[in-house]
There are 2 protein chains.
Amino acid sequence: MTAFDITRYLPYLVNRTGVRIATAFGDVLREHGVTLPMWRVLAALDHADGQRISDLAAMTSIDVSTLSRILDAMQEKGFVERRRGGGDARVVTVHETAAGLALTRRIIPSARHYEDVALRGFSAEEAAALKAMLERVYRNVAALEDQTAPEGETKAA
Amino acid sequence: MTAFDITRYLPYLVNRTGVRIATAFGDVLREHGVTLPMWRVLAALDHADGQRISDLAAMTSIDVSTLSRILDAMQEKGFVERRRGGGDARVVTVHETAAGLALTRRIIPSARHYEDVALRGFSAEEAAALKAMLERVYRNVAALEDQTAPEGETKAA
DNA sequence: TTGCAATATTTGTAATTGCAATATATTCGC
DNA sequence: GCGAATATATTGCAATTACAAATATTGCAA
């Protein structure tokens, strides 16, 4: 059997890339007064405002309990607000405030720039191919989890 | 300007893929009695035994202070040992023990299987292309950091 | 050679994280 | 329509994490 070469091991490559991007962009975000998880929430809400907490957790890849506390902090800062009362009284929906939206708008250019840097030297086709492949990997792993734990979703649907 | 679509944003795609893989493989690792960070250390040592702690931190994308404590735990469990005394008395090198090596050998098949699952439906060429692109992204971001903080490496060289 | 900046690791410490338990609301079986 | 199982969110809590400070060693320059 061939030797195990970590430097060509996909989980390794994905992880180190993710950590690199996260720590580097985290520095940028600090100047805006938000943490990386907070930015993820803002970006997710920018995509679809008024999401329920569990959906927001799935979209941001943040554990619901962790997210709940992050939302406390963001609410404290006035970036989001929680609302109850739409039909099902169990669900809480999260909404961007005007301040949150303004902040998101300020961050987006940096986020775009950051992606440009990450994709420096990539053609549009290559970038699209990379993204499509990451989505395929994500779905492959998600499918495995659903198969392993068939009843009631293990985590992040 | 075009709207910001998080679902096609590279950092988002990389992060969610990494988190998915990490949580899923973490479950597998628990059965072997190790955590994900510990596995990363074992895999890094399998690649090159006797690395210094700072190099190990760079390779595993774990902060040195965090790594120092992870090594405490791994040493406690008898998987690795620290050695001092090779020339520079400041540096500590980390070495896999026989037990650590045996554990690594047991985990590797699962790790391989896991990558196969993640890459299900990928041709060999596609998989190679994905890995190569992830490396390019990593280098792009690393280059940005070195440029931002030219003196003495901000983090993980 | 002495002193001082740089390097390598560890330790202090506060914040973050995630699992488990809880509280509340809903739905399904009967 | 009642009660058990399910769903949603929050909270308790111990472990993990990361930044900063401390410690130890080295190398260089005066």
Side-chain angles (χ1 to χ4, degrees), chain A residues 15 18-20 22-24 26-27 29-30 34-41 50-58 60-76 80-94 149-157, chain B residues 15 18-20 22-24 26-27 29-30 34-41 50-77 80-94 149-157:
Chain A
N15 178 66
V19 171
R20 264 281 185 193
T23 60
D27 294 344
L29 288 172
R30 191 169 310 138
V34 282
T35 63
L36 189 66
M38 287 180 185
W39 153 246
R40 289 193 177 123
V41 169
Q51 289 182 75
R52 38 167 70 189
I53 291 184
S54 48
D55 290 342
L56 209 46
T60 57
S61 302
I62 299 170
D63 184 89
V64 279
S65 69
T66 301
L67 177 60
S68 181
R69 284 180 248 251
I70 289 166
L71 291 174
D72 288 345
M74 293 180 76
Q75 205 162 15
E76 190 80 17
V80 298
E81 64 180 35
R82 279 184 246 231
R83 284 188 211 149
R84 258 192 150 110
D88 190 333
R90 288 171 301 184
V91 335
V92 172
T93 53
V94 184
E151 36 217 326
E153 300 292 339
T154 313
K155 37 199 73 157
Chain B
N15 178 66
V19 171
R20 264 282 184 194
T23 60
D27 294 343
L29 288 173
R30 191 169 311 137
V34 283
T35 64
L36 188 65
M38 287 179 185
W39 153 246
R40 290 192 176 126
V41 170
Q51 289 183 73
R52 39 167 70 190
I53 292 185
S54 48
D55 290 342
L56 209 45
M59 172 155 254
T60 58
S61 302
I62 298 170
D63 185 87
V64 278
S65 70
T66 301
L67 177 59
S68 180
R69 283 180 248 250
I70 289 166
L71 292 174
D72 289 345
M74 294 180 75
Q75 205 162 16
E76 191 81 16
K77 286 169 171 257
V80 299
E81 64 181 34
R82 279 185 247 230
R83 283 189 212 149
R84 263 196 144 106
D88 190 332
R90 288 171 302 181
V91 336
V92 171
T93 53
V94 183
E151 35 218 324
E153 301 291 339
T154 313
K155 40 198 73 158

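Computed from a predicted model, the values in this text were never measured in an experiment. Just so we're on the same page: letters track the sequence lines, and every chain starts at 1. Values below: every heavy atom of this structure, side chains too, minus hydrogens, waters and symmetry copies.
- Here the C1' atom of nucleotide dA18(D) and the CG atom of Leu36(A) are 14 Å apart, to the nearest Å.
- Applying the 4.0 Å criterion to OP1 and OP2 of dA8(C), one finds that Arg52(B) has a side-chain N or O inside that range.
- At least one side-chain nitrogen or oxygen of Thr66(A) sits closer than 4.0 Å to the OP1 or OP2 atom of dG18(C).
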Between protein and nucleic acid, restricted to nucleotides 20-25 of chain D and to nitrogen or oxygen atoms under 3.5 Å apart, what atom pairs and distances do you find?
| unit_1 | atom_1 | unit_2 | atom_2 | d |
| --- | --- | --- | --- | --- |
| dT25(D) | O2 | Arg90(B) | NH1 | 3.3 |

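- Across the protein-nucleic acid pair, Leu71(A) atom CG and dA9(D) atom C1' stand 11 Å apart, rounded to whole Å.
- Taking both residues in full, the closest heavy atoms of Ser68(B) and Arg82(B) are given as O-NH2, 3.5 Å, listed atom of the first, atom of the second, then distance.
- Atom CD1 in Ile53(B) sits roughly 13 Å away from atom C1' in dT11(C) (whole-Å rounding).
- Using a distance-only test at 3.5 Å, with no hydrogens or angles considered, a donor-acceptor pair links the side chain of Thr23(B) to the main chain of Val19(B).
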Pairing string of DNA chain C (Watson-Crick or G-U wobble, both atom distances under 3.5 Å; | = paired to other strand) is ||||||||||||||||||||||||||||||
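- Taking all atoms of both residues into account, the shortest heavy-atom contact from Leu67(A) to Ile62(A) is N-CG2, 3.7 Å.
- Atom pair Leu29(B):CG and dT16(D):C1' shows a separation of 16 Å (rounding to whole Å applied).
- For Ser54(A), whose side chain is taken as the heavy atoms from C-beta onward, the closest listed nucleotide among dT8(D), dT10(C), dA8(C) is dT8(D).
- Residue Arg82(B) has a polar side-chain atom (N or O) positioned under 4.0 Å from OP1 or OP2 of dT10(C).
- Closest of all the heavy-atom pairs between Gln51(B) and Met59(B) is NE2-SD, 3.8 Å.
- As a whole-Å value, the separation of Arg83(A) CZ from dT8(D) C1' is 19 Å.
- The nearest pair of heavy atoms linking Val41(B) to Ile70(B) is CG2-CG2, 4.4 Å.
- Under a 3.5 Å cut-off, the side chain of Arg84(B) and the backbone N or O of Val92(B) do not form any donor-acceptor pair.
- When the C1' atom of dT9(C) is taken as reference, atom CD of Gln51(B) falls 16 Å away, rounded to whole Å.
- Ile70(A) places its CD1 atom 15 Å from the P atom of dA15(C), with the value rounded to the nearest Å.
- Atom-to-atom distance recorded for Thr60(A):OG1 and Met38(A):CE is 12.5 Å, nearest 0.5 angstrom.
- Between Arg40(A) and Asn15(B), the closest side-chain pair of non-hydrogen atoms falls below 4.5 Å.
- Along DNA chain C, the nucleotide closest to Thr93(B) and the one closest to Ile62(A) are compared, and the more 5′ of them pairs with Thr93(B).
- With rounding to whole Å, Leu67(B) atom CG is found 13 Å from dT16(D) atom C1'.
- Val64(A) and Ala57(A) make their closest contact through CG1-CB, 3.5 Å (heavy atoms, listed as atom of the first residue, atom of the second, distance).
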